[in-house]
Amino acid sequence: MRFLVTAGPTREPIDPVRYISNRSSGKMGYAIAEAALQAGHEVILISGPVKVDPPRKAKFVLVSTSDEMFDAVHRHANHCDVCILCAAVADHKPAKVSPVKIKKRSGNFSLELAPTRDILESLGRQQDRQFLLVGFAAETNDIVQNAAKKLRAKNCDIIVANDARLGMESDENELMILFRHSEIKTLSRAPKKFLARELVKIFSEFATKTFDKKNETITERTYK
Ligand code: CTP
């Protein structure tokens with residue numbers, strides 16, 4: 001199968017030397033890309049800037065902003081069987097990017113932010129999609145409830161939920177996997193590389209089932 005994986009943070013420029021970003025290390029997405037390659041799949045890894053080296057056998061697309069990630073994902077998604085959106089895409093970006101460095105001011109100042117485009121949601125709106133759509137949800141509270149809401153709102157097939165405080169910048173994580181037909185699986189705390197192998201197995205099995213009954217399961221949506 002062909003896997004598309006997004007990973008890492010995005011950077012939303014404020015001026016030529018500053019940006020808004022977050023603490024995502026990219027490790028989970030990179031581990032999934034590596035595990036998918038090891039399982040014999042083809043992988044396109046679309047990543048924001050991180051300190052991890054990409055797996056050598058992956059097709060690697062380096063992006064910086066959420067807009068670049070949006071375009072790269074849309075260029076490749078329809079050629080893939082499984083799309084896993086693991087990136088910590090910034091939810092907001094500066095409404096205007098200053099072409100010159102903003103000078104220090106003596107008092108407070110506000111920066112106007114505009115929403116970024118939601119990449120996962122845009123793929124979820126594609127009703128005739130031929131790929132399994134997997135989103136991630138990093139939550140700090142009511143993890144399962146919040147993740148279930150995201151699954152419905154973004155119309156994906158699977159949401160992998162985790163506690164943001166446990167997973168960010170760490171080599172380990174604990175995951176709750178929510179399927180669109182309400183089933184939930186838990187993968188208890190383990191190294192991200194181990195979890196990645198389990199996830200790849202789950203995704204490829206689910207994709208195989210889905211493709212066998214393509215017309216029923218890809219277009220049928222039980223969460224409304
Ligand atoms: N996501 C995306 N594009 C965005 C924001 C998020 O594709 N502009 C994707 C992420 O890659 C992830 C999922 O949406 O797969 C959930 O991201 P998360 O940050 O947990 O949720 P948000 O929708 O941003 O909601 P909130 O920050 O309020 O929890």
Side-chain angles (χ1 to χ4, degrees), residues 3-13 19-33 36 43-50 61-78 80 82-95 113-126 129 131-170 173-180 192 195-196 199-200 202-203 206 223:
F3 277 55
L4 179 153
V5 183
T6 70
T10 62
R11 288 180 180 173
E12 310 303 327
Y19 54 80
I20 296 174
S21 192
N22 58 65
R23 287 161 49 189
S24 167
S25 64
K27 283 178 185 165
M28 192 70 238
Y30 278 53
I32 293 172
V43 174
I44 300 168
L45 175 59
I46 299 172
S47 175
V50 295
V61 183
L62 178 64
V63 296
S64 180
T65 65
S66 57
D67 283 328
E68 288 170 13
M69 188 171 277
F70 185 101
D71 292 342
V73 168
H74 279 270
R75 245 192 331 273
H76 294 287
N78 285 319
C80 294
V82 181
C83 291
I84 306 161
L85 301 202
C86 197
V89 184
D91 289 331
H92 292 91
K93 61 181 183 179
L113 300 179
T116 57
R117 288 179 290 177
D118 193 307
I119 306 169
L120 182 61
E121 194 186 29
S122 69
L123 293 182
R125 275 200 303 267
Q126 226 175 282
R129 65 174 184 260
F131 50 81
L132 187 82
L133 184 58
V134 181
F136 270 68
E139 307 290 346
T140 55
N141 54 289
D142 304 319
I143 297 179
V144 171
Q145 293 88 327
N146 281 326
K149 258 193 231 162
K150 267 177 205 171
L151 189 145
R152 283 192 292 273
K154 305 198 188 197
N155 196 25
C156 25
D157 300 300
I158 296 176
I159 283 270
V160 180
N162 71 105
D163 186 325
R165 290 160 301 193
L166 196 73
M168 279 248 162
E169 295 180 306
S170 165
N173 213 344
E174 180 181 302
L175 303 175
M176 257 82 64
I177 307 165
L178 284 77
F179 296 85
R180 95 180 115 81
K192 286 181 177 174
L195 295 172
L199 288 177
V200 166
I202 292 169
F203 300 156
F206 197 105
Y223 290 106

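Everything numeric here is computed off the predicted structure, so don't read it as measured data. Start at 1 and go down the list; that is how both ligands and their atoms are numbered.
- In terms of heavy atoms, Asp71 sits closest to Arg117 at OD1-NH2, 3.9 Å.
- The closest approach between Met69 and ligand 1 stays at or above 4.0 Å for every heavy atom of the residue.
- Across all their heavy atoms, Leu120 and Val134 have their closest contact at CD1-O, 4.1 Å.
- The minimum heavy-atom distance linking Ser47 with Tyr30 is given by the pair OG-OH, 2.7 Å.
- Protein heavy atom closest to atom 12 (C) of ligand 1, with residue, atom name and distance, is Phe136 O, 3.0 Å.
- Contact annotation for Glu121 and ligand 1: no heavy atom of the residue comes within less than 4.0 Å of the ligand.
- Geometrically, ligand 1 and Ala87 share a nitrogen or oxygen pair separated by less than 3.5 Å.
- Residue Glu139 has no nitrogen or oxygen atom sitting less than 3.5 Å from a nitrogen or oxygen atom of ligand 1, judged on distance alone.
- Between Pro9 and Val50, the shortest heavy-atom contact is CD-CG1, 3.6 Å.
- Counting protein heavy atoms under 4.0 angstrom from atom 23 (O) of ligand 1 gives one or more.
- Comparing Ile159, Ile84, Thr10, Asp118 by heavy-atom distance to atom 2 (C) of ligand 1, the nearest is Asp118.
- Geometrically, ligand 1 and Val89 share no nitrogen or oxygen pair separated by less than 3.5 Å.
- With a 4.5 Å cut-off on side-chain heavy atoms, Val89 and Met69 count as touching.
- In this structure, Ala33 and Val43 approach most closely via the heavy-atom pair O-CG2, 3.6 Å.
- Under the 4.0 Å distance rule, the nearest protein heavy atom to atom 28 (O) of ligand 1 falls outside the cut-off.
- With contacts defined as side-chain heavy-atom distances shorter than 4.5 Å, the pair Lys27/Asn173 does not qualify.
- Considering backbone and side-chain atoms together, Gly135 places no N or O closer than 3.5 Å to any N or O of ligand 1.
- Each of the atoms 20 (O) of ligand 1 lies under 4.0 Å from some heavy atom of Ala137.
- The pair Asp157-Arg129 meets the salt-bridge criterion, since a charged nitrogen lies less than 4.0 angstrom from a carboxylate oxygen.
- Of the candidates Leu113, Asp91, Thr10, Ile20 forms a side-chain contact (heavy atoms from CB on, under 4.5 Å) with just one, namely Leu113.
- Put simply, the side chain of Gln126 reaches to within 4.5 Å of the side chain of Asn78, judged on heavy atoms.
- For ligand 1, one of its N or O atoms has an N or O atom of Leu120 under 3.5 Å away.
- Contact annotation: for Thr116 versus ligand 1, heavy atoms closer than 4.0 Å belong to the side chain alone.
- Contacts between Asp91 and ligand 1, counted as non-hydrogen atom pairs separated by less than 4.0 Å, involve the side chain only.
- With a 4.5 Å cut-off on side-chain heavy atoms, Ile44 and Ile46 count as touching.
- Here the protein heavy atom with the shortest distance to atom 20 (O) of ligand 1 is Lys150 NZ, 2.7 Å.
- Between Arg117 and ligand 1, at least one N/O pair is under 3.5 Å apart.
- For ligand 1, none of its N or O atoms has an N or O atom of Ala88 under 3.5 Å away.
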